[in-house]
Amino acid sequence: MFGSTSSSQPGFGGSGALSHAYIQYPPLKCRSDGSRCLFYDDGNKLLISPTTDQVVSWKISPFSSDVAPTTDTISEGPILSVRYSLDSKLIAVQRSNHEVQFWVRETGETFSQKSKSESDSILGFFWTDCAVCDIVFVKTSGLDLYTYMPELKSLELVETKKMNVSWYIYTHESRLVLLASGMQCKSFTGYQLSAAGVIRLPRFEMAMAKLDANSKPVLAAEDVHIVTVYGRIYCLQVDRVAMLLHSYRFYRDAVIQQGSLPIYSSKIAVSVVDNVLLIHQVDAKVILLYDIFADSRTPVSAPLPLLIRGSPSRTNAQSSETTLTNNATANLYGDDWIFLVPDLVCDVSNGFLWKIHLDLEAISASNSEVPAVLEFLQRRKLEAKKAKHLCLELARSVIIERRPLPMVFWAIDVLLKSFAYSLKTGSYLKGGKPEKPTVSGAPENSESGKSVKNESASGVESRTVHNSGFSTSDSEDNNTNVRNAKAKNININTNSSSENIEEASRIGDHSVNQPLNANVSEQQESQVTSAAIPPDELYSFVFASVEEEMIADASYLFAIIVELIRSASLEKIKLPPNIYVLAVRLLARNERYAELGPFIMNKIIEPSKEVALQLLETGHQNIQTRKLGLDMMRQLMLHHDYIVLLVQDGCYLETLRFARKYKVHTVRPSLFLEAAYASNDPQHLAAVLRFFRDFIPGFATTSEHSTFVRALADMTPSVAA
């Protein structure tokens with residue numbers, strides 16, 4: 001529950017200012033007449049606004065500002081929470097701390113589930129696609145797992161997990177529930193409820209600084225966040241005393257603190273947009289962006305505010321629209337703003353739901369470390385086309401600006417490694433085809449050596465989100481983290497190795513201590529494309545476009561081409577012939593003909609027809625280079641082209657012998673006869689005529705023979721054919 005509507009608080013905004021993250025106008029208007037409050041059903045991606053006798057809901061995935069609401073009728077009564085079943089057949093409404101009421105949407109029938117003890121309060125509930133239950137009640141005494149019996153219109157208790165619970169947090173994206181207990185609410189027990197079953201995580205405690213030795217700060221639910229980044233599940237905890245945001249990652253046998261990030265506000269909100277972690281410093285009204293795949297504690301860019309973009313102008317917009325927009329702008333980071341997992345924010349007072357976006361162009365422009373920016377852009381999926389375009393522009397600019405060669409080499413290496421990784425994982429497909437989703441299953445069991453494959457449940461899409469960086473395994477990182485944690489005794493339950501921990505399958509990851517990953521349903525857009533740049537596009541949009549501008553500095557550009565060839569060889573990427581043609585052209589431009597031989601003989605410059613033709617063209621200034629081109633033609637078995645070139649050089653008899661030896665039947669006699677005649681050398685023409693008479697039966701009776709015999713007679717009457 002978000003809370004009831006209250007007056008808006010003044011804030012910071014402005015559509016013309018600079019920002020790295022923004023919300024796009026228009027928002028989804030989620031205010032309904034008689035609405036008491038708003039609820040977010042993350043299992044079904046629904047925003048719910050109940051009235052006294054109705055449940056009004058909006059489908060928010062895919063996000064659209066003009067989606068029509070759906071209305072269901074219920075009986076009057078108090079409402080503490082509302083959630084639809086994952087198959088949308090039931091509506092569950094928590095009426096009190098002891099009762100949850102259910103509606104069958106098709107028939108309107110109702111039934112209730114109540115606590116057996118008055119002292120046992122229901123803290124909340126959630127529907128799940130777990131293999132053993134359909135709905136989970138979180139109570140002060142633990143968890144109650146139920147299955148729905150449609151024929152009996154009732155719930156059947158499957159299992160009870162007893163423990164003291166102060167409060168809990170749950171996200172359907174991670175299928176993970178964390179239960180807080182203890183006087184300071186810093187002791188946690190976790191369960192992941194997925195298609196593999198119910199998985200108990202090791203019990204752990206969160207770090208909390210103290211103002212003094214006698215103080216015992218209590219951890220609040222709003223200070224703990226579950227996020228899913230690159231398919232990995234993290235828990236983020238705000239330490240208000242230390243002004244730090246602690247990060248925890250869930251592994252097979254441990255929960256490991258990954259490090260801490262500084263915070264600059266007593267109130268923190270968290271979003272995840274395209275696997276980028278957004279830390280909202282609510283009091284300061286700015287956002288810090290982190291790409292935790294890079295294992296860096298440094299923000300991606302400088303802190304800037306979240307802004308509204310696309311607002312209607314005052315002259316064109318209706319007065320009511322302008323008023324609402326101005327209210328929303330003034331209420332940025334107000335008390336009524338509620339951030340929803342992973343990338344939504346609800347302005348309760350104005351009844352607006354916004355989706356948070358990244359401004360990739362602004363982010364890339366604000367960072368001078370081009371290779372690091374390229375790595376960041378290559379991992380982006382939601383706006384892959386824009387990220388790809390920005391990468392091409394950055395690659396071109398570092399060459400045009402003649403940045404230091406080590407920086408350019410690093411940038412080229414980043415792009416080729418990213419492309420190689422995308423080919424290996426299948427994320428790069430020409431034509432922008434989406435990645436094929438895979439169903440997450442259980443990890444390999446270290447004792448039995450067997451793995452379990454599980455089907456997705458209840459029609460809920462679940463798929464593995466592969467790392468969009470360049471490594472294919474977390475195993476080394478996992479083992480190191482777990483060893484370090486065990487050495488420090490960081491709250492690891494040594495008996496937990498017998499538990500069945502489910503995770504998404506990872507390529508090449510067969511370590512015993514594996515990370516707990518998420519079943520991500522709609523973390524990314526369904527049409528996932530890759531920002532990876534194939535070498536042919538790198539040539540067309542970068543190297544071909546800068547060649548003319550680099551005429552005076554061909555050696556600089558050639559050094560970059562050599563690095564490109566080296567990096568492509570290491571990554572086993574086939575380069576287009578145009579890259580090698582450009583290398584030949586650049587060497588010739590500086591008259592470095594002597595270097596061409598070693599480059600070609602050592603296959604640094606890969607042989608191709610295009611390269612051979614460039615060598616022949618360059619050979620007009622250097623005869624040895626032309627010979628390299630002719631040799632390459634012959635090696636590539638391009639006999640017809642080789643013969644044509646020899647004829648152009650006047651080597652008629654040598655060419656004819658070559659054609660006869662390799663049985664080249666595609667060359668017409670007229671080609672040789674016309675070339676010999678054009679040379680004005682009667683001896684050449686006579687020799688060619690004699691060759692064809694000797695080796696082509698019936699040639700003497702052809703019209704070509706007669707024509708060129710007469711031509712020979714006209715050239716030198718004294719020479720007998």
Side-chain angles (χ1 to χ4, degrees), residues 2 11-15 17 19-31 38-49 57-70 171-173 225-229 269-280 282 285-289 300 304-312 321 324-325 327-329 331-334 336-363 380-387 461 465 520-529:
F2 301 165
F12 178 84
S15 58
S19 68
H20 295 144
Y22 63 94
I23 51 180
Q24 183 69 43
Y25 186 90
L28 170 64
K29 297 177 183 178
C30 50
R31 185 193 297 275
L38 291 172
F39 298 95
Y40 180 49
D41 181 354
D42 61 339
N44 294 286
K45 302 295 182 184
L46 293 175
L47 191 66
I48 301 173
S49 175
S57 61
W58 292 264
K59 188 73 174 177
I60 61 173
S61 181
F63 186 84
S64 173
S65 61
D66 56 0
V67 64
T70 300
T171 67
H172 186 77
E173 183 182 43
H225 310 269
I226 299 174
V227 296
T228 303
V229 184
V270 175
S271 301
V272 176
V273 181
D274 200 5
N275 289 313
V276 178
L277 186 64
L278 279 64
I279 308 300
H280 303 267
V282 176
K285 295 180 170 51
V286 294
I287 305 174
L288 289 175
L289 278 62
V300 173
L304 286 174
L306 177 72
L307 300 179
I308 299 177
R309 294 190 181 174
S311 301
E321 290 288 324
L324 287 174
T325 305
N327 289 341
T329 302
N331 197 39
L332 284 173
Y333 289 114
D336 298 315
W337 267 41
I338 306 297
F339 289 84
L340 307 177
V341 176
D343 56 2
L344 300 172
V345 57
C346 186
D347 181 352
V348 179
S349 62
N350 289 299
F352 287 168
L353 182 72
W354 304 89
K355 185 176 177 67
I356 303 173
H357 303 268
L358 293 179
D359 189 334
L360 298 181
E361 189 171 1
I363 293 171
R380 308 288 61 85
K381 299 293 183 183
L382 295 184
E383 293 185 283
K385 185 177 181 180
K386 179 182 286 188
E461 295 180 4
V465 177
V520 182
S521 57
E522 293 184 23
Q523 183 186 6
Q524 297 179 343
E525 291 179 352
S526 59
Q527 297 294 320
V528 178
T529 56

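Atom set for the values below is all heavy atoms of this structure, side chains included, hydrogens, waters and symmetry mates excluded. Residue indices begin at 1 and follow the sequence shown.
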Distance (rounded to the nearest 0.5 Å) between Ile60 CD1 and Ile48 CD1: 10.0 Å
Side-chain donor/acceptor of Lys59 to backbone N/O of Ala68, under 3.5 Å: no
Atom pair CG/CG of Leu382 and Asp343 - distance to nearest 0.5 Å: 8.0 Å
Leu46 side chain reached by Thr70 side chain, heavy atoms, under 4.5 Å: no
Gap between atom CG of Leu360 and atom NZ of Lys386 - 0.5 Å precision: 6.0 Å
Ser49: side-chain hydrogen bond (donor to acceptor under 3.5 Å, both in side chains) partners, not counting sequence neighbours: Ser32, Ser35
Pairwise side-chain contact, Ile287 with Leu304, heavy-atom cut-off 4.5 Å (strictly under): no
Closest heavy-atom pair and its distance - Ala269, Val282: N-CG2, 4.1 Å
CD (Glu361) with more than 12 external heavy atoms under 6.0 Å: no
Heavy-atom closest pair, residues Cys346 and Leu340: CB-CD1, 4.5 Å
Approximate separation, where rounding is to 0.5 Å, of Leu344 CG and Phe339 CZ: 11.0 Å
Separation of Arg31 CZ from Asn350 CG (nearest 0.5 Å): 6.5 Å
Set of side-chain contact (heavy atoms from CB on, under 4.5 Å) partners for Val341, sequence neighbours left out: Thr171, Glu173
Beyond-backbone contact of Phe352 with Lys29, side-chain heavy atoms, under 4.5 angstrom: yes
Smallest separation among heavy atoms of Lys45 and Pro342, with atom names: NZ-CD, 4.4 Å
Within-4.5 Å side-chain heavy-atom neighbours: His357 and Val273: no
Steps toward side-chain contact (heavy atoms from CB on, under 4.5 Å) verdict (Leu278, His280): CA-CA 6 Å; Leu278 279 64; His280 303 267; 4.1 Å; yes
Partners passing side-chain hydrogen bond (donor to acceptor under 3.5 Å, both in side chains) against Ser64 (at least two apart in sequence or in another chain): Asp66
Nearest non-hydrogen partners of Pro305 and Ser19, listed with the distance: O-CB, 3.2 Å
Residue pair Asn275 / Arg380: nearest heavy atoms and the distance that separates them: CB-NH2, 4.0 Å
Nearest-0.5 Å distance, NE2 of residue His20 to CG of residue Leu306: 12.5 Å
Aromatic plane relationship, Trp337 with Tyr333 - under 30° parallel, 30 to 60° tilted, over 60° perpendicular: tilted
Nearest heavy atoms of Tyr22 and Leu358, plus distance in Å: CE2-O, 3.7 Å
Student check: side-chain heavy atoms of Leu332 and Ile23 closer than 4.5 Å: yes
